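Computed from a prediction, not measured in an experiment: that's the story for all the values here. Just so it is clear: chains get the letters A, B, ... in the order the sequence lines come, proteins before strands, and each one is counted from 1.
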Number of protein chains: 2
Amino acid sequence: MLDPADTVACCSPLSAEPLSAEQAEQVAPLLKALADPVRLRLMSLVASHTGGEACVCDLNDAFDLSQPTISHHLKVLHDAGLLDREKRGVWVYYRARTSALLSLGALIGCPPS
Amino acid sequence: MLDPADTVACCSPLSAEPLSAEQAEQVAPLLKALADPVRLRLMSLVASHTGGEACVCDLNDAFDLSQPTISHHLKVLHDAGLLDREKRGVWVYYRARTSALLSLGALIGCPPS
DNA sequence: TGTCAATATAGACATATGTCGAAGTCTCTG
DNA sequence: CAGAGACTTCGACATATGTCTATATTGACA
């Protein structure tokens, strides 16, 4: 699977020049994956966790939602390329793809040149 | 209506510390508004347009969609606080709220401190 | 091998979303 | 005042999304 960071980083910031239709189609899914309160918190929990990774077991407890629902949200973030997934024994650890977040932030937030 | 820039700017970056449920509920709608290819391009078209603003008549031509559909997307961006709206005579001009984009980008893209 | 614990997948359901065509609202201008 | 042009609002529709319960899978361990 491609690194979404590359996809996004290739684009000029939103305010610099109009995004092409193709670029927009590639970037939108990343934003869509982030555009949910639960997934935003999941992403933040993982990204800010010690060691840059977090176990699903820890994440479940942070929410008042069923375990399959959390699993579903993690899958959405993983499929978008925002979280890496690693199974170690019985536990599954997710790790934030910092590069994807960085380039996405730059795309949205950089002032016009 | 509140400036979403303030709402977002108050939060630490995603990677610094876990977003609270309340913060996530406030930020998610902004991302949701951006998380559509058409709206991403609209936002980019307006933000990068000469003078920082664009007339709806110009925006319509950039898409293969009906005019009410474009109007709908502009309303979503406006309601989220990402676009300002001003009617001058018969024409309506939209202007990007740069501050909102800046703080949103910082929230997503800032490396952990 | 059998059982338990940690996740994931499947299927169902209510609600949200993107799109359109039709109709409404302003505002200029003759 | 009437008509035309620029948008917006309304109502309908198909599809996507978030959530749940029930079930499957996987790995450790007795």
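Shortest non-hydrogen contact noted between B:Leu102 and A:Gly109 is CD2-O, 2.6 Å.
Within 4.0 Å of B:Asn60, counting heavy atoms only, lies no atom of the nucleic acid at all. Counting non-hydrogen atoms under 4.0 angstrom, B:Arg39 reaches the backbone sugars and phosphates but no base. Residue contacts shown for B:Ile70 are absent, as no nucleic acid heavy atom lies under 4.0 Å away. As judged by a 4.0 angstrom heavy-atom cut-off over every strand, A:Tyr94 is placed among residues touching the sugar-phosphate backbone only. Note on B:His72: a base of the nucleic acid sits closer than 4.0 angstrom, heavy atoms only.
For B:Thr69 and C:dC20, the shortest distance from a side-chain N or O to OP1 or OP2 is below 4.0 Å. Look at A:Arg85 and you won't find any side-chain N or O under 4.0 angstrom from OP1 or OP2 of C:dT7.
As rounded to whole Å, 15 Å separates atom C1' of C:dT7 from atom CZ of A:Arg88. If you measure from atom CH2 of A:Trp91 to atom C1' of C:dA8, you get 17 Å, rounded to the nearest angstrom. Going from atom CG of B:Leu65 over to atom C1' of C:dC20 covers 10 Å, rounded to whole Å. Remark: P of C:dA8 and CG of A:Leu83 are 11 Å apart, rounded to the nearest angstrom. B:Asp64 places its CG atom 9 Å from the P atom of C:dC20, with the value rounded to the nearest Å.
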Exercise. Would B:Arg41 and A:Glu22 count as a salt bridge (charged side-chain N to carboxylate O under 4.0 Å, His left out) if you check the C-alpha gap in whole Å, the side-chain angles of each, and the deciding distance to 0.1 Å?
Worked result: CA-CA 10 Å; B:Arg41 288 182 62 204; A:Glu22 292 72 24; over 6 Å; no
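Annotation: the span from B:Tyr94 atom OH to B:Glu53 atom CD amounts to 12.5 Å, rounded to 0.5 Å. Summarising the geometry, atom CG belonging to A:Leu40 is positioned 10.5 Å from atom NZ belonging to B:Lys32; distances are rounded to the nearest 0.5 Å.
With distances taken from any side-chain atom of A:Lys75 to the nucleotides C:dT19, C:dA6, C:dT9, the minimum falls on C:dT9.
For A:Lys87 and B:Val90, each mapped to the nucleotide of DNA chain D holding its nearest heavy atom, the one lying further toward the 5' end belongs to B:Val90. Along DNA chain C, the nucleotide closest to A:Ser71 and the one closest to B:Ser66 are compared, and the more 5′ of them pairs with A:Ser71. Heavy-atom distances to DNA chain D give each of A:Pro68 and A:Asp36 a nearest nucleotide, and the one nearer the 5′ end belongs to A:Asp36.
Looking only at distances, a side-chain donor or acceptor of A:Ser44 sits under 3.5 Å from a matching main-chain atom of B:Leu14.
Nucleotides of DNA chain D with any atom under 4.0 Å from a heavy atom of chain B span, from 5' to 3', D:dA6 to D:dT9.
Among B:His73, B:Arg39, B:Met43, the single residue meeting the side-chain contact (heavy atoms from CB on, under 4.5 Å) criterion with B:Leu83 is B:Met43.
Neither side chain, A:Arg85 nor A:His78, offers a donor N or O lying under 3.5 Å from an acceptor on the other.
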